[in-house]
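Data first, discussion second: the structure below is written as structure tokens.
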Amino acid sequence: MAEERRPKQCTVVLPTESMKAMAESIGVGQLQEESCAALSEEVSYRIKEIAQDALKFMHHGKRCKLTTSDIDHALKLKNVEPLYGFQSQEFIPFRFASGGGRELHFYEEKEVDLSDIINTPLPRVPLDVSLKAHWLSIEGVQPAIPENPPPAPKEQQKTESTEPLKAVKPGQEEEGSIQKGQGATSAEAKGKKDGLMRMKPRSTHELSVEQQLYYKEITEACVGSCEAKRAEALQSIATDPGLYQMLPRFSTFISEGVRVNVVQNNLALLIYLMRMVKALMDNPTLYLEKYLHELIPAVVTCIVSKQLCLRPDVDNHWALRDFAARLMAQSCKTFSTTTNNIQSRITKTFTKVYNKCWLDDKTQWTTRYGCIAGLSELGPDVIKTLILPRLTVEGARIKAVSDGPVVSNIDKIGADHVQSLLLKHCASVIAKARPLPDNVEQYRADYGYLGPMLCSHVVKARAQAALQAQQVNRTTLTITQPRPTLTVSQSGIGGSGGSRTASIIKVPSSLTLMSTRPGTPTQLSPPATKYIVMATSSGSSSTQQVLWMAVLLFLFSLKYPYYGKSNSNKQVNL
Amino acid sequence: MAAVQDGQLNMEVEKDIKTEITNDGSGNINANSSSPGSTSSGGKSKSPAGSGEDQQTLLAVLQFLKRNKLTESVDILRREAGLSADADDSPVSDSAGAGSGGVPNVSADGGDANSLLSRVSIATPFAPPATAPPKVVAASGGEDQPDVNVVLSAYSQQGDPVLYPLYYNGLKKFIESVLDCHRAELSQVFYPLFVHMYLELVYNNHENEAKQFFEKFSGDQECYYEEDLRILSSMSKKEHMKGNETMLDFRTSKFVLRISRDSYQLLKRHLQERQNNQIWNIIQEHLYIDIFDGMPRSKSQIDAMSGSLAGEGKRDANKAKVFYGLLKEPEIEVPLDDEDEEAENEEGKPKKKKPKKDSMGSKSKKQDPNAPQQTRIPLPELKDSDKLDKIMNMKEATKKIRLGPDNLPSICFYSFLNAYQGLTAVDFTDDSSLIAGGFADSTVRVWSVTPKKLRRVKSAADLSNIDKESDDVLERIMDEKTASESKILYGHSGPVYGISFSPDRNYLLSSSEDGTVRLWSLQTFTCLVGYKGHNYPVWDTQFSPYGYYFISGGHDRVARLWATDHYQPLRMFAGHLADITCTLFHPNSNYVATGSADRTIRLWDVLTGNCVRILTGHKGPIHSLAFSPNGKFMASGATDGRVLLWDVGHGLMVGELKGHTDTIYALKFSRDGEILASGSMDNTVKLWDTLKAFDDVELDDFTAATGHIHLPENSQELLLGTYMTKSTPVIHLHFTRRNLLLAAGAYNP
């Protein structure tokens, strides 16, 4: 006896309203309530029958998604003419509308501009089927190659690092889930499991020879001189699924590398290392949380360090700072949780440094630049609360450097960079936050030295935003044109929206709409479900084009039977 | 014994066939209610005696053949069955009672007999091509039996619909109160009883009562009947019962239960005491209770065997002897691979090889006592090329890796890219040089996975220019211009669901939704024959391991055995109650296994056309089958994600491998049978230790007779490895001759 009751199965019947709607759609006005009820039961039964047969085709098609062709084949089994034309691969959503006491489900049909179709380039031809071989297992061991799934899924890496006691080997995990499914044996299994001591399986932290070789190759390529090799190595780090065992090594490599190279002011190497961090972060199969304590200090170093290169006046260390700041922002976004509070801790760090340099005139412009960059990458809110209030002071300082006596070239360059950075980030924020009009004097009063420049930037930003908005509007305008609507019932078993389809397409004499589907009970007028496109005259090329467009039009105007497609997977409950 | 003329009956039956073929499932077939020519006397005597029914069946077949002027077959059949010439005349005359009389109870049996007719495989002599027209089975294998009304009318006997739940509840209370050892056995009665009571209510238009009855008790049924219950629940009106396959299955075939004598007595006494005729009638009419002497079975034993559409197989259905041994390999003068030997010698292990070869030779000389006679069915003669291939095979076999729990095979996975959910079938050649794929867009594609490209034979005009005496004539006939890595075969008009290479790699078979099986030449890459016979989708087809013969099975529930040079089937195997979903030849080619959506596996004797095994235990449609290389064991996989292992000789389940979470589409034993690989929709390949699984099995005649099987609960210990693919369902597996495992599937991004 099944312990848990299964969901009720026997009472799913189409509502009688649908029957009425369908009847109306083919011109039968007054349908008795009893007839509706009888019809709906009959129709529901037949639909279930067809769906059951369609499932057979799905199973034999070795899919877990029911497609329209399965329905067609099931209809064919029953000696019913299939519904031609419903070949769409995508799920077609029905819209719902109510009003005037009526409820409608309709399929939104877009009007299509023929010239658009003609002018758009043809879609790419789909790729042909091809065969590719890879090793799923070599003598019982699954190699970690991109073709295979990651050996330890991210979830498992996470549980291993966060809850070491609960972590189990994949094999055991499966066993557990299977036995859960078997009601009778689960109790037994549990007992057995509890009896075992809960110990974290001792994991070996040694790398295999191949992995050691790989590690060596990758690290050498990443910091080596050949750019092509480096790109390949970074690509490998970003995509390979089997790297989790090497992750601690990579992490140490990066943090140590940054520590050494900052001292030696080796800009190139620092950039390479940051790119490695980026690649690691891009790899979807890695669970980086465990190694943030090594990576974040390295990244922050690259943002705020006083000196990153040998010749600060010439080398573009600003780009590294920007890049690292973006990395920082990205990791804040992905890894920050309420427990580790990465974002707020990072923000605090930056502000602390920033505060210090605000007080202390002697702080390097480079560090200042790094702080501002790091903060502003964190988002407009951070800019608004932490940077905007300081604009005046910062402006004064920049003014002092640029107007004052030339102390050093380096300072001048630094001030310039800080200025442009501030303008870039603040302008958009101000544009959003500050009401019109943009008065230069007002800006000067509010933001000091940087005011006038900010003002012009803001004006520019506003113009840009307006332009974008306009573009968006234009596209939405074309979408929001009044659309013809269609009730769902028209494409049902009883009838079809043939007359409407016909009215859309006005390609005289080149099309014949024919009715098929004999024997459906409620069908009175001949609706069209089968489209036959025939050319009457061979004609000029323009006729051909029209024909071609007509075919396309059909493709666009196709509707969907409401039972036609279940986008969910195979659990089709009927 | 009223009299009815032969002629009248003849006409009616023909009408039957017509309606069968043109019927779209909704036609009214009242006129045919009297069609089957069966005895009215058999109507009431529904005793579970098999012999009487057999006799009837034979007679029905004889009649049919006679009417269709198939005198030759009549003679042969009569000779085979040992019937006297006039034996078949008598039942014809007394069928009138069923025909004209409106007594529903009586005519009900007519339906039964007719359905029996459909169940009997039509065995015709082998050497001359079958003369029995495929029509027969096409008719009876169709969606509805000709006598729906007759079938249904059995339900017209009715009690008070309000009392049904009470009856059921009463029985439930009784069964819950009996001793534990009997409870599990008696609980088997619940499901068939529930179904028949529900159908009775529906048939008698007690719609609401039926609904209530269903809601009240459907939750009690075993969870593996859920699919059937769903179908049942959708059937809420009398009109729905017409043409519903599941309903007809329930009615036309008795639900088989195996119950120990003690438990049965208990039930009988209870029902008689209570005067509970309603239930007793159902049990008498619709259930076949297979009573055995001995211990009642436990719940787990019953659960292991039940789950099929029509209960367990009858015990005597599995009694026939099956020659599961392998045929003797023809002795071929093997030019004992000299070069190889020398090469091996250099490596310094010559001794190891010698005895191996000897053992192989001696093995093939001894005749296996369980093997069928070499000439039991005629097999094609070996051609020179076949011999060469055999030699190659043996050479490769010497390099075979011995697999085991400590020595797992490497798996090479062939992914079909850009298949867009369209890949429906895959096959490898035995020597693993070619891969074929069947697609939903009706195409068949063949790839070469060796550097040797696929080439077509030259056109006839070019061929005439070739010097036929030259040594490399086989090379010269190939058209170098057509060399490519893959070829596409166009011809089907529906998705291709089954595909199979011939053992000699010259032909390819494909079966499709369009109802045909096509034979393709891999020399010219054209279609040679379209075998028509199945009118409905053909789900699977498979070449015999010796070539020439092939089997196909599909939606029409009939498996057909064909020979490549006959356009009509040689044998038709009818008996499954739902679609045949997969087919497979036994390694000795004398038997054919079919798996079905009725959740049973049947083994058919190719020579006699009889069903020799009915294996129940799966809880979902079966989608894959595999024989162990020694022919002794079989594995089957179903939508329920379980692999079951069977002993073919005893007809018993010997193991259950749990682990997959979705339909198993591929099963394969390694070349030595130590390892079973299974591939599933859940994107995994799993390897199982079959040596251990079969070692644990201990069988005696008692367990074989009663089904007291003890399945070892060790499927986790048997699991040797699980290999996830990225997002690729595994739909085919193949062991190369050196025991490398090849897997194939379409990547589903």
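Chain letters run A, B, ... following the sequence lines, proteins first, then strands; residues in each count from 1. The figures here come from the full heavy-atom set of this structure, side chains too, leaving out hydrogens, waters and symmetry mates.
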Looking at Trp135(A) and Ile411(B), what are the two nearest heavy atoms and their distance?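 Answer, listing the atom of Trp135(A) first, then Ile411(B): CE3-O, 3.3 Å.
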If you compare all heavy atoms of Leu423(B) against all heavy atoms of Lys62(A), which two are closest, and at what distance to 0.1 Å? O-CB, 4.3 Å
Counting only heavy atoms closer than 4.5 Å, note whether [X] contacts chain A via side chain, backbone, both or neither.
X: Val685(B); value: side chain
X: Tyr414(B); value: both
X: Phe439(B); value: side chain
X: Leu740(B); value: side chain
X: Asp579(B); value: side chain
X: Ser727(B); value: neither

[X] side chain near [Y] side chain, heavy-atom distance below 4.5 Å:
X: Ile435(B); Y: Leu131(A); value: yes
X: Glu147(A); Y: Lys726(B); value: no
X: Glu139(A); Y: Leu408(B); value: no
X: Pro537(B); Y: Phe57(A); value: yes
X: Pro126(A); Y: Asn418(B); value: no

Kindly determine whether Val129(A) and Leu417(B) satisfy side-chain contact (heavy atoms from CB on, under 4.5 Å), including the steps that lead there. CA-CA 6 Å; Val129(A) 186; Leu417(B) 304 176; over 6 Å; no
Give, for atom NE2 of His134(A) and atom SG of Cys412(B), the distance between the pair rounded to the nearest 0.5 Å.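 Between atom NE2 of His134(A) and atom SG of Cys412(B) there are 8.0 Å.
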Kindly compute the distance separating CZ (Phe413(B)) from CG (Asn148(A)), expressed to the nearest 0.5 Å. 9.5 Å
Counting neighbours of CD on Glu485(B) that are heavy atoms of other residues, nucleotides or ligands and sit closer than 6.0 Å, is the number greater than 12?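 No - once you tally the heavy atoms of other residues, nucleotides and ligands closer than 6.0 Å, there are 12 at most.
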Looking at Phe416(B), Trp447(B), Trp539(B), which makes the most heavy-atom pairs under 4.5 Å with chain A?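 Greatest number of close heavy-atom pairs with chain A: Trp539(B).
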Specify which of Gly721(B), Gly641(B), Pro409(B) makes the most heavy-atom pairs with chain A at under 4.5 Å.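 Most pairs with chain A among the choices: Pro409(B).
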So His555(B) and Lys56(A), side-chain contact (heavy atoms from CB on, under 4.5 Å) or not? Walk me through it. CA-CA 10 Å; His555(B) 178 72; Lys56(A) 267 184 202 169; 3.5 Å; yes
Aromatic rings Tyr497(B) and His60(A): how do their planes relate, parallel, tilted or perpendicular, breaks at 30° and 60°? perpendicular
Under 3.5 Å: donor-acceptor pair, side chain of Ser137(A), backbone of Ser410(B):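 No, because the side chain of Ser137(A) does not come within donor-acceptor range (under 3.5 Å) of the backbone of Ser410(B).
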What option among Glu42(A), Lys76(A), Gln142(A), Glu49(A) has the most heavy-atom pairs under 4.5 Å with chain B?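 Result: the option with the highest number of such pairs is Gln142(A).
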Would Arg445(B) and Asp128(A) pass as an ion pair if we require N to O under 4.0 Å?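 Result for this pair is yes, salt bridge flagged.
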Begin from the C-alpha positions of His59(A) and Met681(B) and carry the test side-chain contact (heavy atoms from CB on, under 4.5 Å) through to its verdict. CA-CA 10 Å; His59(A) 279 302; Met681(B) 232 11 216; over 6 Å; no
